[in-house]
**Student:** 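Structure provided below as structure tokens; questions to follow.
Numbers restart at 1 for each chain; the letters A, B, ... are given by sequence-line order, proteins then strands.
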Number of protein chains: 2
Amino acid sequence: MMNSTEIAKIAGVSRSTVSRVINNYSNVSEETREKVLRVIKEHEYVPHASARMLAGSQNKVIGLFIIDLIHEEVGLKNRITKSPYYLEFTSSVIETASEMDYLVLVHIIHSVAGYEKIKESFYNKTISGGIFIGQNDDDESIKTIIDRGYKVVLLDQSIRPEDATYNQCMIVNADNYNGAYCATKYLIDKKHKQIAHITGGTVKFSSKDRIRGYKKALEDAGIEVNKNLIVNSEFVENAGYEAAKKLFNGNSEFSAIFASNDKIAFGAIKAIQERGLKVPDDISVIGFDDIESSKYFNPPLTSMKMKLGEMADIATKSIVASIEGETKPSINVVPVSLVERESCGILQ
Amino acid sequence: MMNSTEIAKIAGVSRSTVSRVINNYSNVSEETREKVLRVIKEHEYVPHASARMLAGSQNKVIGLFIIDLIHEEVGLKNRITKSPYYLEFTSSVIETASEMDYLVLVHIIHSVAGYEKIKESFYNKTISGGIFIGQNDDDESIKTIIDRGYKVVLLDQSIRPEDATYNQCMIVNADNYNGAYCATKYLIDKKHKQIAHITGGTVKFSSKDRIRGYKKALEDAGIEVNKNLIVNSEFVENAGYEAAKKLFNGNSEFSAIFASNDKIAFGAIKAIQERGLKVPDDISVIGFDDIESSKYFNPPLTSMKMKLGEMADIATKSIVASIEGETKPSINVVPVSLVERESCGILQ
DNA sequence: TTGTAAGCGTTATCAT
DNA sequence: ATGATAACGCTTACAA
């Protein structure tokens with residue numbers, strides 16, 4: 001096999017010179033450089049990545065950790081598959097990284113056991129930094145990694161200026177609070193007063209922040225928050241379906257639902273329709289995320305669009321900059337926007 | 001930083017013994033093993049991946065190359081994002097690999113320049129094998145890699161027993177031919193005789209094979225193939241839209257369309273509806289792939305479902321087995337199945 | 001500008 | 001069962 005010694009021999013120079021050429025050092029005569037380059041090309045020589053790393057150069061690999069914890073009883077393999085939400089983010093990370101000459105090692109974590117592997121990837125130097133998405137807010141395992149001094153970008157993490165850990169990493173969030181506020185306000189502007197909210201639970205920051213936005217919008221409009229109209233759920237279709245049924249079985253009337261994400265909205269609409277009601281004629285529904293299926297849905301779903309591509313871009317650029325030692329901790333909040341379709345109507 | 005020398009020192013043994021423990025060799029006394037293990041755990045020591053590799057052990061990383069060549073004039077970033085088709089495959093590969101203790105380095109290739117990077121990953125030993133998806137049939141660049149003796153799994157590659165290269169790699173295909181046959185036959189059984197086909201072009205194996213299946217089904221039913229009813233396109237929505245318009249502007253009547261994938265079907269249906277026609281009342285449409293949006297589409301799209309998860313599973317297990325030196329070249333054809341929804345009707 | 005030699009953290013070979 | 005030592009292929013002082 002080809003190695004730098006071989007190349008050096010053929011080119012009639014020393015290994016150090018070959019190394020200099022490869023790393024584009026200036027202290028090489030044009031003549032030698034060209035000669036070496038020619039030999040390299042001719043023999044299709046590519047330096048051994050592990051050897052380079054061992055000898056001291058940073059590796060250009062970032063880890064992308066998609067966390068999708070599954071309750072054991074569910075046991076669904078590939079649940080992430082059901083979540084198109086991550087695709088755009090993931091592919092954007094890969095694209096951006098690729099442009100910056102970085103590679104992306106993607107991990108999908110379903111089990112607590114999988115958490116162990118995360119540390120390994122950092123400790124054994126397989127990656128130079130990591131981007132986390134899907135984890136619960138204020139995750140202890142991840143904090144350990146940050147505390148160890150590894151480069152980390154967190155998506156969907158609440159801002160806690162008092163927590164030293166979070167002053168050593170980078171955070172990228174969608175503007176969940178204002179997005180939820182806007183979604184709720186949109187319903188209010190359509191004359192709705194009894195607006196239910198199906199949440200995404202209480203462990204994800206995004207869900208918690210959307211609840212806040214929902215309440216604030218109600219409050220600002222002088223509408224009292226009705227606890228019976230807030231039902232906790234999870235970011236999957238079936239949970240939305242069950243939550244809507246619970247809403248119907250409750251004692252409070254409602255003419256609109258703000259679902260914490262589109263999957264929940266899909267499930268809720270299914271429950272509404274099963275009851276013989278129509279969306280938006282009888283009940284209006286607005287979602288969050290604007291996943292691809294939403295525009296094909298019947299009725300096309302009104303939703304809050306996240307700029308996932310942009311968020312991925314920020315995350316990737318941050319981590320790379322951080323690896324290359326150029327930047328400091330940062331907090332980024334990326335705006336969301338309303339995508340108006342046909343699932344909300346004016347209350348008669 | 002912790003390394004094997006440190007661990008050895010603390011445990012009071014030599015580096016070789018530490019290495020033996022890590023690699024689970026049998027020639028270590030239980031006593032020593034436990035002592036070393038304890039020290040390792042206590043100090044959270046993880047061996048340096050590059051060092052291990054350099055010293056001879058295989059690395060457990062496989063490359064996943066998602067090829068999505070973009071015509072320059074289009075210039076859309078993240079086009080793969082528009083193709084949920086890959087998400088299920090990608091996540092399944094990662095899941096399965098993870099179960100086998102392998103990591104996945106994902107590459108998305110848009111440009112010819114990106115092709116260079118592929119070779120690099122193999123040559124510099126970053127990966128021990130690669131899975132390719134989305135490439136054109138009979139891709140020369142990839143053949144070079146196979147010829148060099150690297151482990152490769154190809155998705156969507158035509159079977160060419162006469163080509164030595166393809167006897168050195170593994171191939172995983174969906175049963176496009178029978179799937180297309182079945183889709184067309186489904187339409188024929190619904191009394192359609194004038195069945196158009198919007199193809200996915202002539203460079204992807206899947207598209208070519210679907211054309212074959214379509215023609216054969218017609219033939220078997222005694223229906224003559226009408227070239228005017230076959231229009232080439234691409235696996236994206238807008239191409240389907242344009243193709244359908246071309247069909248309407250042609251001289252041949254048709255009552256049904258077999259679209260080479262669901263995105264094309266979406267585009268075609270849009271064109272049909274813009275013409276004031278209804279699906280399935282006026283024109284029936286069947287797709288292929290059964291992507292997630294299809295069940296939400298209006299009307300819900302009848303389609304041929306690929307077992308992407310299973311294909312990913314086979315691909316991953318094949319590449320791992322091959323890396324670990326256990327298997328030989330293979331060809332796998334995974335069946336597809338009809339998912340009947342509401343986009344096809346019986347011709348009156 | 002170029003070459004020499006040490007070192008990166010493992011594993012493998014050979015002794016003991 | 002354990003330890004010493006030589007690779008593995010590169011980068012990087014240090015010398016020349």
**Student:** At 4.0 Å (heavy atoms only), tell me whether A/S19 reaches a base, stays on the sugar-phosphate, or touches nothing.
**Tutor:**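 Answer is base: heavy atoms of A/S19 come under 4.0 Å of a base.
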**Student:** Need to verify one output field. Residue with the more 5' nearest nucleotide on DNA chain C, B/P47 or A/S26?
**Tutor:**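 Residue closer to the 5' terminus by nearest nucleotide: A/S26.
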**Student:** Applying side chain to side chain contact (heavy atoms under 4.5 Å, CB included), can you list everything that pairs with A/K119, at least two apart in sequence or on another chain?
**Tutor:**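 Side chain to side chain contact (heavy atoms under 4.5 Å, CB included) check on A/K119 returns A/Y123, A/T144, A/I145, B/E44.
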**Student:** Has A/N23 got a side-chain atom pairing as donor or acceptor with A/Y25's backbone, closer than 3.5 angstrom?
**Tutor:**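 Judged by distance alone, no pair lies under 3.5 Å.
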**Student:** Under 4.0 Å, counting only non-hydrogen atoms across every strand here, what does A/V13 touch: a base, just sugar-phosphate, or nothing?
**Tutor:**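 It contacts sugar-phosphate atoms only.
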**Student:** Considering just the side-chain nitrogens and oxygens of B/Y25, establish if one lies under 4.0 Å of OP1 or OP2 belonging to C/dA12.
**Tutor:**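 Yes, because at least one side-chain N or O of B/Y25 sits under 4.0 Å from OP1 or OP2 of C/dA12.
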**Student:** Could you state the atom-to-atom distance from CD1 of B/I22 to P of C/dG9 in whole Å?
**Tutor:**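 To the nearest whole Å, that distance equals 13 Å.
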**Student:** Determine the contact category for A/T32: base if any of its heavy atoms lies under 4.0 Å from a base atom, sugar-phosphate if only primed atoms, P, OP1 or OP2 are that close, otherwise nothing.
**Tutor:**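 Answer is sugar-phosphate: A/T32 comes under 4.0 Å of backbone atoms only.
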**Student:** Starting at the 5' end of DNA chain C, which residue's closest nucleotide do you reach first, A/A51 or A/V28?
**Tutor:**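 Closer to the 5' end of DNA chain C: A/V28.
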**Student:** Of the options D/dA1, D/dG9, D/dG3, whose atoms approach the side-chain atoms of B/S29 most closely?
**Tutor:**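 Taking heavy atoms from C-beta onward, the closest nucleotide is D/dA1.
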**Student:** Rounded off to whole Å, could you give me the CD-to-C1' distance for the B/E30 and D/dT2 pair?
**Tutor:**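 Nearest whole value for this atom pair: 15 Å.
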**Student:** Rounded off to whole Å, could you give me the CG-to-C1' distance for the B/N59 and D/dC8 pair?
**Tutor:**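 Those two atoms, CG and C1', are 14 Å apart.
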**Student:** Any heavy-atom pair between the side chains of A/R33 and A/N24 that's under 4.5 Å?
**Tutor:**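 Of all side-chain heavy-atom pairs linking A/R33 with A/N24, at least one is under 4.5 Å.
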**Student:** According to a strict under-4.0 Å criterion, is A/S50 in side-chain N/O contact with OP1 or OP2 of D/dC10?
**Tutor:**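 No, outside the criterion.
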**Student:** Within the 4.0 Å heavy-atom criterion, would you say A/N27 contacts the bases, only the backbone, or no part of the nucleic acid?
**Tutor:**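 The residue A/N27 makes base contact.
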**Student:** Nearest-Å distance, CD1 (B/I40) to C1' (C/dG9)?
**Tutor:**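 Roughly 14 Å, once rounded to whole Å.
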**Student:** Please determine, for the side chain of B/A55, which listed nucleotide (C/dC14, C/dG9, D/dC10) has the closest atom?
**Tutor:**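 Out of C/dC14, C/dG9, D/dC10, the nucleotide with an atom closest to B/A55's side chain is C/dG9.
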**Student:** Round to a whole Å and report the spacing from CG of A/N23 to P of D/dG9.
**Tutor:**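 Going from A/N23 (CG) to D/dG9 (P), I get 17 Å.
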**Student:** So, OP1 or OP2 of D/dG9: does either fall under 4.0 Å of a side-chain N or O from A/S4?
**Tutor:**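 So the side chain of A/S4 is outside the cut-off, no N or O lying under 4.0 Å from OP1 or OP2 of D/dG9.
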**Student:** Roughly how many Å is it from CG in B/L54 to P in D/dA6, rounded to a whole number?
**Tutor:**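 In whole Å, D/dA6 P and B/L54 CG are 17 Å from each other.
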**Student:** Could you work out which one of C/dG3, D/dG3, D/dG9 sits closest to the side chain of B/S14?
**Tutor:**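 Closest nucleotide to the B/S14 side chain: D/dG3.
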**Student:** Counting only side-chain heavy atoms from C-beta out, which of D/dG3, C/dT10, D/dT11 sits nearest to A/R15?
**Tutor:**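 Taking heavy atoms from C-beta onward, the closest nucleotide is D/dT11.
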**Student:** Would you indicate, yes or no, if D/dC10 has its OP1 or OP2 atom less than 4.0 angstrom from a side-chain nitrogen or oxygen of A/S57?
**Tutor:**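 The answer is no; no side-chain N or O of A/S57 sits under 4.0 Å from OP1 or OP2.
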**Student:** Please determine whether a side-chain nitrogen or oxygen atom of A/Y45 lies at a distance below 4.0 Å from atom OP1 or OP2 of D/dG9.
**Tutor:**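 So the side-chain polar atoms of A/Y45 never come under 4.0 Å of the phosphate oxygens OP1 or OP2 of D/dG9.
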**Student:** Can you tell me if B/Y86 and B/D68 form a side-chain donor-acceptor pair at under 3.5 Å?
**Tutor:**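 There is no such pair (donor and acceptor under 3.5 Å, judged by atom type) between the side chains of B/Y86 and B/D68.
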**Student:** CD of A/Q58 versus C1' of D/dT12: gap in Å, rounded?
**Tutor:**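 Interatomic distance, CD of A/Q58 to C1' of D/dT12: 16 Å.
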**Student:** Which nucleotide wins on minimum distance to the side chain of B/N3, given the candidates C/dT10, D/dC8, D/dA4?
**Tutor:**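 The nucleotide sitting nearest to the side chain is C/dT10.
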**Student:** Taking only Lys NZ, Arg NE, NH1 and NH2, and the carboxylate oxygens of Asp or Glu, determine whether B/D147 and B/K143 approach each other closer than 4.0 Å.
**Tutor:**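 No, B/D147 and B/K143 are not salt-bridged.
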**Student:** What about B/S16: does its side chain form a donor-acceptor pair under 3.5 Å with the base of D/dA4?
**Tutor:**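 Donor-acceptor pair under 3.5 Å: yes.
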**Student:** What is the separation between atom CZ on A/R20 and atom P on D/dT11, rounded to the nearest whole Å?
**Tutor:**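 Rounded to whole Å, this separation is 11 Å.
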**Student:** Can you check whether A/K117 reaches B/D101 side chain to side chain, under 4.5 Å on heavy atoms?
**Tutor:**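 Side-chain contact under 4.5 Å: yes.
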